[in-house]
K.L.:
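The structure follows.
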Amino acid sequence: MSTHTLRAKRRRSALRTVAFLSPWLIGFGVFFAYPLVSTVYFSFMKYDGFGTPVFRGLGNWAYVFNDYPLFWPALRNTLWLVLVMVTCRVVFGLGIGLLITKIKTGAGVFRTLFYLPYLAPPVAATLAFVFLLNPGTGPVNSVLDGLGLPT
């Protein structure tokens, strides 16, 4: 096989990979990278949302660290949530998962009890739509009937 065809195959493979990655890349750029970069950019600017941004340098950061009274409590609360609460949730979830896989008797009951809260929102939404779209007494059909539109 010649070098030319091997290079073409690699190029096609790379383009195919980028094509499959493009939805994620676009989402990452629009919803993560752009907001992150713009936040860093605007942290050095004086900007009210309407006028042109004016470069302020480290003045905003000096205000936050020295004069803003809620910065240090907010930082402490955020660190508490990240370090302690996330760690506790992960350790608790891992422990419960190991417990459920190790026990033989009643494992199905435990799995059901732990999975049950995830079933409540879809069931509640289904009941709400059944109530709203009930052909005989539903409020949506009553409003449509009152407006003279087909129900």
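Just so you know, residue 1 is the first one in the sequence shown, and it goes up from there. Everything numeric in this text was worked out from a predicted model, so none of it was measured.
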K.L.:
Decide yes or no for Val18 and Leu21: does some side-chain heavy atom of the first lie under 4.5 Å from some side-chain heavy atom of the second?
P.N.:
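No, too far: nothing below the 4.5 Å cut-off.
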
K.L.:
State plainly whether one hydrophobic cluster holds both Phe92 and Ile100, where clusters connect Ile, Leu, Val, Met, Phe, Trp and Tyr through side-chain heavy atoms under 4.5 angstrom apart.
P.N.:
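Same cluster: Phe92 reaches Ile100 through Ile, Leu, Val, Met, Phe, Trp or Tyr contacts under 4.5 Å.
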
K.L.:
If every non-hydrogen atom of Pro139 is compared with every non-hydrogen atom of Phe131, which pair is closest and at what distance?
P.N.:
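The pair with the smallest heavy-atom distance is CD-O, 3.6 Å.
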
K.L.:
Given side chains that start at C-beta, do those of Asp67 and Tyr63 come closer than 4.5 Å, heavy atoms only?
P.N.:
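When only atoms from C-beta onward are counted, Tyr63 and Asp67 do touch, with a gap below 4.5 Å.
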
K.L.:
Run the ring pair (Phe, Tyr, Trp, His ring centres under 6.0 Å) test against Phe110 and tell me which residues pass, sequence neighbours left out.
P.N.:
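Checked Phe110 against ring pair (Phe, Tyr, Trp, His ring centres under 6.0 Å); zero matches.
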
K.L.:
Measure across Gly29 and Pro35 and return the closest heavy-atom pair with its distance rounded to 0.1 Å.
P.N.:
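Distance-wise, the nearest heavy atoms are O-CD, 4.2 Å.
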
K.L.:
Same cluster for Leu58 and Tyr41 if Ile/Leu/Val/Met/Phe/Trp/Tyr side chains link at under 4.5 Å?
P.N.:
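Yes, Leu58 connects to Tyr41 through the hydrophobic network.
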
K.L.:
Could you tell me the separation between the CZ atom of Phe71 and the CG atom of Leu75, rounded to the nearest 0.5 Å?
P.N.:
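CG of Leu75 is found 5.0 Å from CZ of Phe71.
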
K.L.:
Do Leu132 and Leu147 sit in one hydrophobic cluster, given that two such residues count as connected whenever their side-chain heavy atoms are within less than 4.5 Å of each other, even indirectly?
P.N.:
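Yes, same cluster.
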
K.L.:
If hydrophobic clusters are built by linking Ile, Leu, Val, Met, Phe, Trp and Tyr wherever their side-chain heavy atoms come under 4.5 Å apart, do Leu113 and Ile96 end up in the same one?
P.N.:
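Looking at the clustering, Ile96 is in a separate group from Leu113.
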
K.L.:
Mind checking whether Tyr115 and Tyr118 have parallel, tilted or perpendicular rings, split at 30° and 60°?
P.N.:
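Aromatic pair Tyr115/Tyr118 classed tilted.
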
K.L.:
Could you check whether any side-chain heavy atom of Phe20 comes within less than 4.5 Å of a side-chain heavy atom of Arg16, counting everything from C-beta outward?
P.N.:
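Yes, at least one pair of side-chain atoms sits under 4.5 Å.
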
K.L.:
Nearest 0.5 Å, what's the CG-OG1 distance between Leu83 and Thr78?
P.N.:
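Output value for this atom pair is 10.5 Å.
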
K.L.:
Within the distance-only criterion (no hydrogens, no angle test), does the side chain of Thr101 pair as donor or acceptor with the backbone N or O of Gly97 below 3.5 angstrom?
P.N.:
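Between the backbone of Gly97 and the side chain of Thr101 there is a qualifying donor-acceptor contact (under 3.5 Å).
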
K.L.:
Any chance you could measure Thr52, atom OG1, to Met45, atom CE, to the nearest 0.5 Å?
P.N.:
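Output value for this atom pair is 11.0 Å.
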
K.L.:
Flag yes if more than 12 heavy atoms outside Phe42 fall under 6.0 Å of its CZ atom; otherwise flag no.
P.N.:
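Result for CZ/Phe42: enclosed.
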
K.L.:
What heavy-atom pair brings Asn141 and Leu133 nearest, and what distance separates the two atoms?
P.N.:
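Result for this residue pair: ND2-O, 3.6 Å.
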
K.L.:
So, taking the atom named CG in Leu6 and the one named CZ in Arg11, what distance separates them when rounded to the nearest 0.5 Å?
P.N.:
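Atom-to-atom, Leu6:CG and Arg11:CZ are 11.0 Å apart.
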
K.L.:
When you measure from the side chain of Asn77 to the backbone N and O of Pro73, does any donor-acceptor pair fall under 3.5 Å?
P.N.:
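Such a contact is found between Asn77 side chain and Pro73 backbone.
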
K.L.:
Would you check if Tyr47 and Val54 make a side-chain contact, meaning some heavy-atom pair closer than 4.5 Å?
P.N.:
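Side chain of Tyr47 against side chain of Val54, heavy atoms only: no contact under 4.5 Å found.
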
K.L.:
Flag yes if Leu127 and Phe129 sit in one hydrophobic cluster, no otherwise; membership is Ile, Leu, Val, Met, Phe, Trp, Tyr, and two members link when side-chain heavy atoms are under 4.5 Å apart.
P.N.:
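Different clusters: Leu127 never reaches Phe129 through Ile, Leu, Val, Met, Phe, Trp or Tyr contacts under 4.5 Å.
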
K.L.:
Testing the basics here: between Phe44 and Val40, what is the closest heavy-atom pair and its distance to 0.1 Å?
P.N.:
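Closest approach of Phe44 to Val40, heavy atoms only: CD1-O, 3.1 Å.
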
K.L.:
Give the minimum heavy-atom separation between Asn60 and Ser43, together with the two atoms involved.
P.N.:
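Looking at all heavy atoms of both residues, the closest pair is ND2-O, 3.0 Å.
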
